[in-house]
Chemist: 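Sharing a structure with you now.
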Protein chains: 2
Amino acid sequence: MTPHTPVGRPLRPQGKLLQEDARRHHRSLLLQQLFRDGPASRADLARASALTRVTVSDLVGEMVAEGLVTELGAPEGSRVGKPPMLVGLAADSHHIIGLDLSETDSMSGAVVNLAGTVLARHEVHVDGAEGEQAVELVLRLATELIAMTDRPVLGIGVGSPGVVDTAGTVIDAPNLAWTDTPLAARLAAALDLPVFVANDANTAVLGEHTFGESGDGGLMVLRVGTGVGAGFVLGGSLLHGHLGAAGEIGHVVVDPDGERCACSRTGCLETVLAAPRLRRTVAAPGVDGPAALADVGRQLGEVLAPIVAALNLHEIVLSGPAELLDGPLLDAANRTIRERTMPISSTGLAVRTSKLGEDVVVVGAAVLVLAGELGVS
Amino acid sequence: MTPHTPVGRPLRPQGKLLQEDARRHHRSLLLQQLFRDGPASRADLARASALTRVTVSDLVGEMVAEGLVTELGAPEGSRVGKPPMLVGLAADSHHIIGLDLSETDSMSGAVVNLAGTVLARHEVHVDGAEGEQAVELVLRLATELIAMTDRPVLGIGVGSPGVVDTAGTVIDAPNLAWTDTPLAARLAAALDLPVFVANDANTAVLGEHTFGESGDGGLMVLRVGTGVGAGFVLGGSLLHGHLGAAGEIGHVVVDPDGERCACSRTGCLETVLAAPRLRRTVAAPGVDGPAALADVGRQLGEVLAPIVAALNLHEIVLSGPAELLDGPLLDAANRTIRERTMPISSTGLAVRTSKLGEDVVVVGAAVLVLAGELGVS
DNA sequence: CCGGATAAGTAAGTGCGGTGAACTAACTAA
DNA sequence: TTAGTTAGTTCACCGCACTTACTTATCCGG
């Protein structure tokens with residue numbers, strides 16, 4: 001996957017293809033294999049990659065020298081022939097800094113290893129910081145996180161609210177008052193590290209795709225928080241959209257006779273599905289909570305049905321407060337989708353909640369780095 | 001773009017990358033350049049591709065020897081230095097057979113050159129042929145078309161109704177009674193040529209993407225005929241979906257209180273938008289035609305709005321009977337989409353009808369071959 | 001009309017990366 | 001011990017694009 005262009009690095013093929021690129025590609029192939037299926041012998045890797053044993057040995061040797069991969073000894077079972085030497089990804093040879101800027105009052109981040117395990121967390125309060133001040137705040141958060149690990153940092157991944165283009169420039173993020181803010185470039189220049197920035201829903205879908213229990217078909221992650229947004233992984237890679245605004249479905253109208261929205265339209269999805277709104281709905285006196293949630297689920301299903309049919313998705317994952325989403329709301333959404341689409345579209349579809357919790361954004365931000373730097377995801 | 005795996009050919013990178021692959025890639029790069037921007041000198045190609053003049057000369061020489069490219073003499077203008085020798089794609093060095101199996105009573109096809117120009121047409125009547133008989137009929141049509149050209153045939157492209165997987169197997173096509181029919185493999189074996197098969201809406205979107213006036217953002221083509229289907233080109237490549245059923249939006253419910261559909265649901269998009277149905281609607285006595293069409297357009301817009309927001313599309317193209325689609329229907333759909341999505345999603349969006357007419361499917365089928373065999377699109 | 005500048009295209013040699021063939025190493029089976 | 005199997009390495013080779021250095025062909029300024 002090549003979700004984003006790393007800042008300060010040569011860009012990916014698209015154009016001419018050098019031998020050097022081939023070598024990087026083959027390296028990624030081996031890393032990917034180790035990443036997905038765990039340790040293997042050089043011979044195993046050769047069989048899986050269709051490269052020769054010679055080439056694999058060479059590449060593995062290089063990666064062992066860098067510390068990215070380590071020899072782990074021979075496996076238990078004893079078969080004929082020389083026993084293989086297992087090699088595996090050294091998950092803590094490098095660490096990744098993942099940042100989540102999507103929360104309302106704070107920016108949080110984590111030190112993540114190459115296996116996607118969160119090793120340390122840190123956060124800073126926003127306190128109304130905007131524009132340039134907010135950028136400085138992100139820089140401080142990143143710097144403090146870098147200080148929390150003694151390993152070399154592979155790169156910085158950022159899940160930002162708002163619309164982000166493929167170069168890591170935040171086109172528009174009202175909460176932080178960012179417009180055309182070259183966040184990736186700024187951080188890369190200040191920290192001298194590869195930096196990748198994407199919308200928070202997009203990093204979330206990457207996290208779910210790589211570390212969730214999802215398959216290889218199309219995946220959609222719907223994030224329900226202060227607002228509502230989505231991210232898509234289609235054909236193994238992140239969907240950006242024409243202007244980087246793919247997944248911005250929070251302001252699709254679901255009920256033209258509904259409530260007035262801050263965006264000046266009426267009956268946007270956010271006016272019924274945003275987390276604060278959901279909480280108010282179920283807490284309202286004299287309201288049947290489950291029925292109200294089911295009603296929202298039905299409306300969500302009405303929005304999702306055309307998307308499901310159009311994209312022939314494999315999985316939809318809801319990410320957000322489980323006590324609100326998991327239950328009548330999810331069931332009703334699921335049911336509505338099936339009522340409103342053909343079996344060919346819906347039988348292959350699973351709708352569920354995320355098991356990764358709120359870490360999904362930072363871990364997904366780390367995936368951005370893994371994919372960009374190691375070609376792994 | 002690599003929309004489909006050619007039958008009987010080595011598959012594309014994904015795995016190991018040989019030098020041979022690099023060379024093919026660079027060849028495609030040059031062909032693509034000539035295809036899009038017309039004739040150029042070797043030096044121009046070197047500048048555009050970032051390859052050296054030496055390498056370009058070598059590749060061009062190879063392609064000239066194959067007849068794919070021809071020298072066209074020096075251009076008019078006179079500047080300093082040795083005048084360049086223009087080279088250009090020899091559009092008629094090879095021909096492509098494009099087939100359209102989506103019509104109700106007949107299968108049609110065409111001989112298409114490398115520039116996408118239709119040179120000859122031919123069709124056969126289906127007369128109720130089904131299953132194996134229908135396959136034989138496709139084979140006959142292809143054979144007869146091959147006999148209509150004296151040039152080497154680059155490959156066969158097929159736009160088939162129903163759901164088609166990436167290997168060119170028709171998973172399900174009720175009209176022809178095909179289920180899991182390996183159409184590409186059958187034709188490839190019988191004709192000893194590369195064969196590519198895709199859903200007709202998918203070939204249509206490829207045709208529109210390559211030969212229409214579309215830009216590089218996400219493109220959706222909505223085909224309105226006996227049924228309703230769509231195809232998507234996202235990030236420059238065709239969207240297949242989990243089970244190859246992407247774009248099957250004909251049976252998304254738009255009006256739960258609507259008319260009963262053949263698929264057993266009520267109020268499917270097809271029950272209001274299919275061409276025969278539209279014709280009946282406007283011809284009904286005592287009905288305000290334009291208003292009725294606008295009403296359908298509004299319903300279409302309601303289905304498209306979530307898709308537009310989710311994918312951040314750049315263009316939506318309606319393909320079908322222009323007298324019905326172009327006018328109140330399109331205007332209402334366009335308006336509804338804008339009413340129901342945010343400006344960030346809709347400002348970059350154009351909604352229009354196709355200028356390619358009914359050839360869009362066969363020409364798109366030819367694009368399938370161009371992309372698969374020459375890496376051009 | 002003749003050198004000098006500039007650009008297009010060609011020829012020869014270099015380096016990189018992957019390959020196949022042959023080899024060593026380490027083990028099991030009989 | 002001998003045969004057979006598997007892992008991993010060494011080495012010579014090949015294909016590809018690169019650099020360097022050239023020829024060819026034109027314009028331009030004196």
Side-chain angles (χ1 to χ4, degrees), chain A residues 10 13-31 33-34 39-65 69-88 375, chain B residues 10 13-31 33-34 39-65 69-88 375:
Chain A
Q14 192 60 292
K16 85 175 151 174
L17 205 57
L18 264 36
Q19 291 171 288
E20 185 188 333
D21 297 308
R23 193 160 177 89
R24 240 205 320 276
H25 176 81
H26 292 154
R27 244 179 82 116
S28 293
L29 227 60
L30 301 186
L31 284 171
Q33 178 69 22
L34 294 174
S41 72
R42 292 165 173 83
D44 290 335
L45 291 173
R47 279 185 287 266
S49 65
L51 294 166
T52 60
R53 292 198 305 275
V54 181
T55 305
V56 170
S57 277
D58 192 32
L59 286 164
V60 167
E62 190 179 289
M63 295 190 288
V64 167
V69 159
T70 41
E71 297 199 330
L72 301 170
E76 285 304 294
S78 71
R79 287 157 299 130
V80 284
K82 175 177 173 177
M85 171 62 78
L86 292 182
V87 295
Chain B
Q14 191 62 295
K16 86 174 151 176
L17 203 57
L18 263 39
Q19 292 169 292
E20 186 188 331
D21 297 307
R23 194 165 176 87
R24 238 204 321 273
H25 176 81
H26 292 154
R27 245 180 82 116
S28 293
L29 227 60
L30 301 186
L31 284 172
Q33 178 69 24
L34 294 175
S41 72
R42 291 165 173 85
D44 290 336
L45 291 172
R47 280 185 287 267
S49 65
L51 293 166
T52 59
R53 292 203 305 275
V54 179
T55 305
V56 170
S57 275
D58 192 31
L59 286 165
V60 167
E62 190 180 289
M63 295 189 289
V64 168
V69 160
T70 41
E71 298 198 329
L72 301 170
E76 284 306 295
S78 69
R79 284 156 302 131
V80 285
K82 175 176 173 178
M85 172 62 78
L86 291 182
V87 295

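So you know, we letter chains A, B, ... as the sequences are listed, proteins then strands, and number each from 1.
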Chemist: Of all the heavy-atom pairs spanning A:Leu72 and A:Val87, show the shortest one and how long it is.
Modeler: CD1-C, 4.1 Å
Chemist: Passes side-chain contact (heavy atoms from CB on, under 4.5 Å), A:Val69 versus A:Glu62? Steps please.
Modeler: CA-CA 9 Å; A:Val69 159; A:Glu62 190 179 289; over 6 Å; no
Chemist: Do the non-hydrogen side-chain atoms of A:Leu29 and A:Gln33 ever get within less than 4.5 Å of each other?
Modeler: no
Chemist: Not counting sequence neighbours, which residues clear salt bridge (charged side-chain N to carboxylate O under 4.0 Å, His left out) with B:Glu71? List them please.
Modeler: B:Arg42
Chemist: Between C1' on C:dC16 and CD on A:Glu62, what's the gap in Å once rounded to a whole number?
Modeler: 13 Å
Chemist: Between C:dG17 atom P and B:Asp21 atom CG, what is the distance in whole Å?
Modeler: 16 Å
Chemist: Can you measure B:Met85 atom CE to C:dG9 atom P for me and round it to whole angstrom units?
Modeler: 8 Å
Chemist: Using the rule side-chain contact (heavy atoms from CB on, under 4.5 Å), only one of A:Val60, A:Leu86, A:Leu45 pairs with A:Leu34; which is it?
Modeler: A:Leu45
Chemist: About how many Å separate OG of A:Ser57 and CE of A:Met85, when rounded to the nearest 0.5 Å?
Modeler: 12.0 Å
Chemist: For A:Leu29 and C:dG17, what is the distance between atoms CG and P respectively, to the nearest whole Å?
Modeler: 16 Å
Chemist: Going 5' to 3' through nucleotides 21-30 of chain C, assign each nucleotide B (protein heavy atom under 4.0 Å from a base atom), S (under 4.0 Å only from sugar-phosphate atoms) or - (no protein heavy atom that close).
Modeler: B---BBBS--
Chemist: Specify the separation, in whole Å, of atom CZ of B:Arg23 and atom C1' of C:dG18.
Modeler: 17 Å
Chemist: Taking only N and O in the side chain of A:Ser57, is any of them less than 4.0 Å away from OP1 or OP2 of D:dG8?
Modeler: no
Chemist: CD of B:Gln19 versus P of C:dG17: gap in Å, rounded?
Modeler: 10 Å
Chemist: Could you give the CG-to-P distance, from B:Leu59 to D:dC16, as a whole number of Å?
Modeler: 9 Å
Chemist: In whole angstroms, how far is the P atom of D:dA17 from the CG atom of B:Asp58?
Modeler: 7 Å
Chemist: I want to check one thing: is the phosphate of C:dG17, taken as OP1 and OP2, less than 4.0 Å away from some side-chain N or O of A:His26?
Modeler: no
Chemist: May I ask you to list the residues of residues 39-52 of chain B, by number, that have any heavy atom positioned under 4.0 Å from an atom of DNA chain C?
Modeler: B:Ser41, B:Arg42, B:Ala43, B:Arg47
Chemist: Provide the closest heavy-atom pair for A:Ala46 versus A:Val56 in the form atom of the first, atom of the second, distance.
Modeler: CA-CG2, 3.6 Å
Chemist: Picking from D:dA7, C:dA8, C:dG18, which would you name as closest to the side chain of A:Pro84?
Modeler: D:dA7
Chemist: Where do A:Pro75 and A:Pro84 come nearest, in terms of heavy atoms and distance?
Modeler: CD-O, 3.4 Å
Chemist: Is a donor on one side and an acceptor on the other found under 3.5 Å between the side chain of B:Asp58 and the backbone of B:Thr55?
Modeler: no
